Amino acid sequence: MIGRLNHVAIAVPDLAAAAEQYRGTLGADVGPPQDEPAHGVTVIFITLPNTKIELLHPLGDNSPIAGFLEKNPSGGIHHICYEVEDILAARDQLIAKGARILGSGEPKIGAHGKPVLFLHPKDFTGTLVELEQI
Ligand SMILES: CC[C@H](C(=O)O)C(=O)SCCNC(=O)CCNC(=O)[C@H](O)C(C)(C)COP(=O)(O)OP(=O)(O)OC[C@H]1O[C@@H](n2cnc3c(N)ncnc32)[C@H](O)[C@@H]1OP(=O)(O)O
Ligand SMILES: [Co+2]
């Protein structure tokens, strides 16, 4: 079911400072900020040779990552995103195996313009898993 690692997401308290750390200190290829109001975040993608890092910062009053940053004020790894070929088929298989899909259960369009879903962290060894259809 899951394929390539699409990205590892890091929630950060200061997006500009984190971007400069990756650009200036780590010499990485850092993209521009992208507001994603439907997801309650602003994201910056960092392109690596074999995957991406997604820097996340809350956007708006009801960001789903606000609680995470309250518990982790310095920031931290927030989720991991795997690629799938058919997100609805993957969802239905996961539900049949007892996994919980977060939100309405219907995919939303993510930062790459592709459908994404999130799986409950308690079902996957304390790790928030995102699936992105490629
Ligand atoms: C623009 C799209 C972009 C893309 O890649 O395309 C994105 O990635 S958008 C990213 C932002 N959106 C989401 O994260 C959506 C899914 N997330 C959620 O719905 C929430 O964050 C949720 C439900 C996972 C957690 O919400 P909240 O922290 O408010 O709830 P709780 O405090 O009740 O947490 C329940 C339980 O889960 C633990 N938890 C929370 N976040 C994480 C995490 N990132 N990794 C691991 N565990 C997490 C939390 O500590 C609670 O555990 P407990 O033992 O009960 O304390
Ligand atoms: Co993501």
Side-chain angles (χ1 to χ4, degrees):
M1 179 194 296
I2 59 172
R4 294 177 352 132
L5 173 68
N6 183 276
H7 62 270
V8 176
I10 302 172
V12 298
D14 182 333
L15 195 56
E20 182 47 33
Q21 245 179 6
Y22 274 82
R23 181 183 295 111
T25 307
L26 295 172
D29 174 5
V30 179
Q34 288 173 234
D35 284 348
E36 295 289 343
H39 293 269
V41 292
T42 300
V43 304
I44 286 181
F45 278 101
I46 295 154
T47 302
L48 303 177
N50 62 335
T51 189
K52 291 182 178 67
I53 301 299
E54 181 184 57
L55 300 179
L56 293 173
H57 186 71
L59 176 66
D61 297 333
N62 301 309
S63 174
I65 73 167
F68 181 90
L69 278 172
E70 279 166 27
K71 290 179 186 170
N72 306 277
S74 302
I77 292 177
H78 183 262
H79 65 268
I80 190 164
C81 181
Y82 303 113
E83 294 177 354
V84 293
E85 289 188 1
D86 181 336
I87 200 160
L88 295 178
R91 177 197 61 187
D92 295 346
Q93 286 176 49
L94 287 160
I95 290 172
K97 292 173 182 174
R100 290 170 284 179
I101 311 294
L102 294 174
S104 70
E106 291 306 313
K108 280 184 177 177
I109 299 303
H112 293 136
K114 305 283 182 61
V116 299
L117 280 173
F118 288 86
L119 311 181
H120 201 292
K122 295 300 181 193
D123 296 339
F124 293 93
T125 56
T127 305
L128 179 60
V129 172
E130 178 182 10
L131 301 180
E132 178 174 325
Q133 179 172 294
I134 40 121

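Keep in mind the model is a prediction, meaning the values are calculated, not measured. Whatever order the structure lists them in is the order used to number ligands and atoms, beginning at 1.
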Side chain to side chain donor-acceptor pair (under 3.5 Å), that's the test. Do H79 and E54 meet it? Break it down for me. CA-CA 9 Å; H79 65 268; E54 181 184 57; 3.1 Å; yes

Side-chain heavy atoms under 4.5 angstrom apart, residues restricted to Ile, Leu, Val, Met, Phe, Trp, Tyr: same cluster for L102 and L94? no

Quick check: does H79 put an N/O/S atom under 2.8 Å from the Co ion (ligand 2)? yes

Would the number of heavy atoms belonging to other residues, nucleotides or ligands and lying under 6.0 Å from CZ of R100 be above 12? yes

Specify which N/O/S atom of E54 comes nearest to the Co ion (ligand 2), by atom name. OE1

Counting only N and O atoms by type, is there a donor-acceptor contact under 3.5 Å from the side chain of Q133 to the main-chain atoms of I87? yes

Quick check on side-chain contact (heavy atoms from CB on, under 4.5 Å): which of E36, H57, Q34 does V41 satisfy it with? E36

Does H7 put an N, O or S atom under 2.8 Å from the Co ion (ligand 2)? yes

Are I77 and V116 connected in the hydrophobic side-chain network, where two residues link if heavy atoms are under 4.5 Å apart? no

What is the name of the N/O/S atom in E130 that sits closest to the Co ion (ligand 2)? OE1

Got a sec: does the CD1 of I109 have more than 12 other heavy atoms crowding it under 6.0 Å? yes

Is the CD atom of E85 crowded by more than 12 outside heavy atoms at less than 6.0 Å? no

Which atom pairs, nitrogen or oxygen on both sides, join ligand 1 and the protein at under 3.5 angstrom?
from     : atom 1 : to   : atom 2 : distance (Å)
ligand 1 : 5 (O)  : H7   : NE2    : 3.1
ligand 1 : 5 (O)  : E54  : OE1    : 3.4
ligand 1 : 5 (O)  : E54  : OE2    : 2.7
ligand 1 : 5 (O)  : E130 : OE1    : 3.0
ligand 1 : 5 (O)  : E130 : OE2    : 2.9
ligand 1 : 6 (O)  : A111 : N      : 2.8
ligand 1 : 6 (O)  : E130 : OE2    : 3.4
ligand 1 : 8 (O)  : E54  : OE1    : 3.1
ligand 1 : 8 (O)  : H79  : NE2    : 3.0
ligand 1 : 8 (O)  : E130 : OE1    : 3.2
ligand 1 : 21 (O) : P64  : O      : 3.0
ligand 1 : 32 (O) : K71  : NZ     : 3.2
ligand 1 : 44 (N) : H78  : O      : 2.8
ligand 1 : 50 (O) : K71  : NZ     : 3.3
ligand 1 : 52 (O) : K122 : NZ     : 3.3
ligand 1 : 54 (O) : K122 : NZ     : 2.8

